[in-house]
Every structure is written in C-alpha cells, then in structure tokens.
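In this chain, residues are counted from 1 in sequence order.
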Amino acid sequence: MATPSGQVQQQPQQPAQQQRQPGGFGQSITGIIRLAVFWYFASKFFSPNKPVSNEPLVQISNLFHKGETLDMWLYLSEHEKFNDFGNEEALIWHETNIPYAVWGPESTRSLSIDYHPSEAVKHNGSLYAHVFFARSGYPPDPSDPEYQPLAAFGRTHPVVIYLPKSKADKRKSLLGGSSDEPEEPSEVVDESQNNVTDDGPTEWTSYWKPNITINLVDDFTGYTKNAVPPNVAPYLNIEPKTGNYYPTVSFNEFWLLRNKLIQLNETVTELPLHLEVSPISMTKWQLFMQIDQSFQIHRSYGSMLEGEADELKRVFLEGNPYLLGITMIVSCLHSVFDFLAFKNDIQFWNKNKSMEGLSAKSVVVSFICQLIVFLYLLDNDTSWMILASSGVGCCIEFWKIGKAMHIEIDRSGRIPMLRFRDRDSYATNKTKEYDDMAMKYLSYVLFFLVACSSIYSLKYERHRSWYSWILSSLTSCVYMFGFIMMCPQLFINYKLKSVAHLPWRQMTYKFLNTIIDDLFAFVIKMPMLHRLSVFRDDVIFLIYVYQRWIYPVDRKRVNEFGFGGEDEDQAMSNTDVATTDTDDKKTK
C-alpha cells in the first residue's frame, strides 16, 4: 500500500481556527432554532406513507458493527472519479485502527499540512478529496486480490468551491476624482450582494477550503426498505446485493465560515489544510442538516441575508456561553417588548384627544426620517421583508400625523395638495410656542451637522449617482443625529414643568428595548458609531425618567386620553351623589 507523499509538509496538530465574519446580526435566532427543531422532530417521527403491497416488510441495517476498527485513506485528485490507488503523490493521509462509533480519544485523528497547488488548480481548476474506509487489514482498491466489496466504502468531496465574482463597483466620485484609485481587495461575496441589474455574464472565482472535517455517523438504525426518512435517504450508501447500508460518511462544513475561504490565483504557492476524522451522533448530524435547511428557507423568503448565517455561527463559536444564553432569553423579551410598545403607541394616538404638551413637529420629523430610511433601503436592493416592515412604519407615522394635526386636501390648484393645520388644543396654549422655540434652535444645529456630513461624504466617498448621495447622506444623518429630534419634547416638559401628557407605558417598553440593545452592542460585532448610537438613546430616556421624578403630577392637566385628575374626582363625586339619590328613593 502506498504511503503519504513527501510533497506536503506535516505541521503540529492544531484545531482549525474560526475567524470573524463581519456583518450585521439579524434578530432571527429564535425563529431559526424553532424551525430547525420542528423540522427535525417532524422528519424523525413522520416517515412517508408505506406503499400498499403484499410483500413482507424488509429491514435494512448497518453492514458494520459498533467498535469495529477501520483503516482510512485520503487522496487529493483533480478528477472527480478516482481509481489510481497506487499514486503515492495523491495519498496525503493514512490512518489505521480507527474504532467505529466509539467515543474516545482514539476515535479522533487530525493532521495539519501545507498543500502546494498545481497550475490547473490556480487557474480555476477543480480538486477533490477522496476518502476511503475499510476494515482493518482489507484494501480499498477494487483491483487488489484481497479486496472485499462488503468491507470497503468511501466518498468524494470537493476541496475547491466556486463563488460568483464580485461585480465591478459602479460607484464613483461625483466630484470627478482621479480614476487611478487603488481597487479594494477581492473578498468572498454572496450572490445576494451582486448587482442584479448587470446584464453581463457572471464570472466565477475558485476558493480553497482550509478545513476538511470527516464525520462517521453513529447510526445503527434498522430502516424499513422503501420507507427511509427523507432527510436520511440521500446520504445512505446502499450495498446493492444485500440491500444494507455502509456507515454514513459526512463532510461537516457547518462551522466553516465564508470569510475563512482562500481565493486561488497564480500567486498562491502554498495552502493550509487541516484534516480531522471523528464520530458524530445521529441527533447532532441531523440537527446540523436541519439548521442549514432552515437558513436556506429564511434566505428564500428574504428574511435573512447570506452573511447573517455566518454571523450567527460566529456568535455561537466565539461568544461566552453564559452571555449567549442570556442573549437568547432577552432576544425573546425584545420581541415581546417591541410588540407591546407598538400596541401601546397605536392605542395612545388612537385615544388621544388633546395635543397639549406634545410636540407635533417631532411627529412630522419622525415621518420624514422613516421615509428617508425606506427610500434608502429601496435604493440598495434590500430584502422584501425589511422593505415591507419599513413601509408599514412609514404608513403608521403618517397616520400619527393625522392624529396630531388636521390634514386637508386643497383642490384650488391644478394639482391637489395636502395642507396641514394645527389642532386647537395645540395652537391655543404654550405648547406650540415652546415647540417652535425648540425646533428653531435645534434645526440650526441639525442643519449644520447635515451639511458637514454631506460635504464630507461627497468629497471622500463614492456614490452611484447624485440621488444615491442625497439618500445616503440623509440616512447617515438620521442614524447619527436622529436623537436630536427627541429633544423638543424634553424642552416642552421643562417649560411646562409636567410630564403627565406623555405615553409612559409605550416609552417604558421602548426603554426596556434600549437596554436590551445595549446588551447586544457588547455581544454583536458592529461599527463604533452604531454602538455609540445605542447608548445615546439611553441618555435621552434617562432625562425623561429624571423629569418624571422632579415634576409632580398636575391634577389640572389632561393625560394621554384627554382626561385630568379633577375630571376623575368630579366624575366620582357625581357618581356618589347619584348613588345617594337612588338609595333615598328606594328607602321611601
């Protein structure tokens, strides 16, 4: 039997390191795990309907026994079909006496090498890993006289993967900067990031997988012939004569992140390769498959981008287990609080009868900010679920304007126009005066910051068009300086010395969500500006809490439902009088 070639150099055994995958963190952990668990148990206990037949049920089982020792050979070849077992250069790893389905240190073997690719592999050529197992003492070569068909099995797996090459960046300097700017290095990109409007042919680039994990599935289940569970059937290697199956060989790439792949080109002379063989339980193997399938389902529905799956895996790999458990719990609470805040916000504006003490201009500005974000997402080809969520938010913000102001349609001109008029409860008291005063001075600060940010973006950043520059500049300002629009309400509270008019129930839920966002800011990798934007909201909410503490409840002011404390006292007194009169009549 051939021995491993000296073409590769062995290195000390070390586990494959996982790298960080940048990207935003989707809020879909709970849904993904729930779908994966449901899918697993559904496929576990609900098999396809058995065909109506008079033939007796035939059970198929594993050809190998638990604890049986195996020998392993791993070849690297540029051909998908392999039969050159005597090629010493192709054999890179050989192990003996591996106990099958036995959990112990002797069942796990690993090797780290440096592989020198050929010229064909460097220029988008293919490379396959052919792994063969056989009972100890038996060869895997079918041409060997001692070969036994029931004693050897194997599987082929590609080591080189092909991904779409990133399209040419259509962004440019709108001021006509120099065209000889250095191009950014090529990165592993997802198909969803490609510009779908480009009608040119798709170019593919080859990438190297630096880690190959071979798992022997611990499966001794007796399956009924023609009734194998659908999630297991594609992976069963059936022996045609006996009808039984060989041990399942799985190439585990669940923890192989996209950013760990190495791009192949003519300058690459040496590539790292970590090899590992180990057993895996049937439950864990199926769980990995179901989670991958759930990722694909979420991507097909547009609820998850390609990079978010790797980001979720990175959190599980590199996050603190205790902090990760707390994060999963509070993520569920975040969804609950988000729903309660939405419910109470709609309830507040639906029942609100007075705009006294409330900033109407902040409502209008909030709608404008929401509309800017929606147009920005629409311009950047965002998934339809995020667009739908942002669009619904725009509609709700516009509906709130109708509750805060009178909206009329002016048909005097050729084109009907919308006219906004202040409500009497807002214009006939000090609220409008204080709101105008706060917006006047804050608008000076905001316009200055917007102008500076837009000029910086125009000079040092690249954009597809002037429209794209306007949207990206306004969106950046919304994210960075949007909290300034919360300040007019603070100023009104300060002038009126009261906070009884605010929707405190809704604000409480939002404040709890902000605290949860603070926790995510420490767990999830994100830009520093976005991380600081999370904590700036805490400052605003703490000021609101401080104002609620220092300003006592004014019994003369109306609350969010248009009722005041004196109205409640008067209603109670009227009820007592009516009750007393009724009792006197009954007595007579």
Side-chain angles (χ1 to χ4, degrees), residues 330 333-334 336-338 340-345 347-349 351-352 354-366 369 400 404 425-426 429-446 449 477-522 528-566 568:
V330 299
L333 296 177
H334 189 282
V336 174
F337 292 148
D338 200 13
L340 293 176
F342 173 77
K343 168 183 171 294
N344 285 275
D345 189 26
Q347 183 181 10
F348 167 77
W349 287 103
K351 295 184 178 181
N352 184 40
S354 174
M355 284 298 295
E356 182 179 358
L358 297 175
S359 175
K361 290 183 173 56
S362 296
V363 179
V364 177
V365 173
S366 179
C369 294
K400 289 164 64 174
S425 58
Y426 172 78
N429 54 60
K430 293 291 186 178
T431 303
K432 178 177 174 56
E433 178 184 350
Y434 298 148
D435 196 11
D436 293 341
M437 186 184 304
M439 290 298 299
K440 176 182 177 181
Y441 296 108
L442 287 177
S443 61
Y444 293 156
V445 178
L446 182 61
L449 295 176
C477 295
V478 168
Y479 283 129
M480 289 188 295
F481 313 122
F483 73 102
I484 295 180
M485 293 298 98
M486 303 173 65
C487 296
Q489 188 62 59
L490 295 176
F491 183 75
I492 294 175
N493 298 341
Y494 169 73
K495 287 294 186 178
L496 296 178
K497 306 298 182 183
S498 176
V499 293
H501 46 273
L502 296 179
W504 282 104
R505 185 174 300 176
Q506 176 236 359
M507 295 181 64
T508 301
Y509 292 133
K510 285 189 175 182
F511 182 53
L512 293 176
N513 270 347
T514 304
I515 297 177
I516 295 175
D517 291 337
D518 297 342
L519 178 62
F520 280 119
F522 290 102
M528 182 58 64
L529 287 178
H530 184 73
R531 184 168 296 176
L532 293 177
S533 68
V534 175
F535 296 103
R536 76 188 178 197
D537 295 335
D538 296 341
V539 178
I540 300 297
F541 279 112
L542 289 177
I543 296 176
Y544 276 117
V545 173
Y546 175 73
Q547 287 183 337
R548 181 176 176 83
W549 177 61
I550 62 174
Y551 300 143
V553 177
D554 188 358
R555 304 288 294 179
K556 296 182 180 180
R557 292 187 55 81
V558 295
N559 60 7
E560 63 265 29
F561 303 109
F563 298 100
E566 294 184 350
E568 295 178 359

*Parallel, tilted or perpendicular: which fits the ring planes of Tyr441 and Tyr444, with parallel below 30° and perpendicular above 60°?*
perpendicular
*Do Lys497's NZ or CZ and the ring of Tyr494 fall within the cation-pi criteria of under 6.0 Å and 45°?*
yes
*Looking at CD of Glu433 and NZ of Lys495, how far apart are the two atoms once the value is rounded to the nearest 0.5 Å?*
8.5 Å
*Partner residues of Asn344 under the side-chain hydrogen bond (donor to acceptor under 3.5 Å, both in side chains) criterion, sequence neighbours left out*: none
*Shortest non-hydrogen contact from Trp349 toward Lys400*: NE1-CE, 3.3 Å
*For Lys343, all residues meeting side-chain contact (heavy atoms from CB on, under 4.5 Å), sequence neighbours excluded*: Gln347
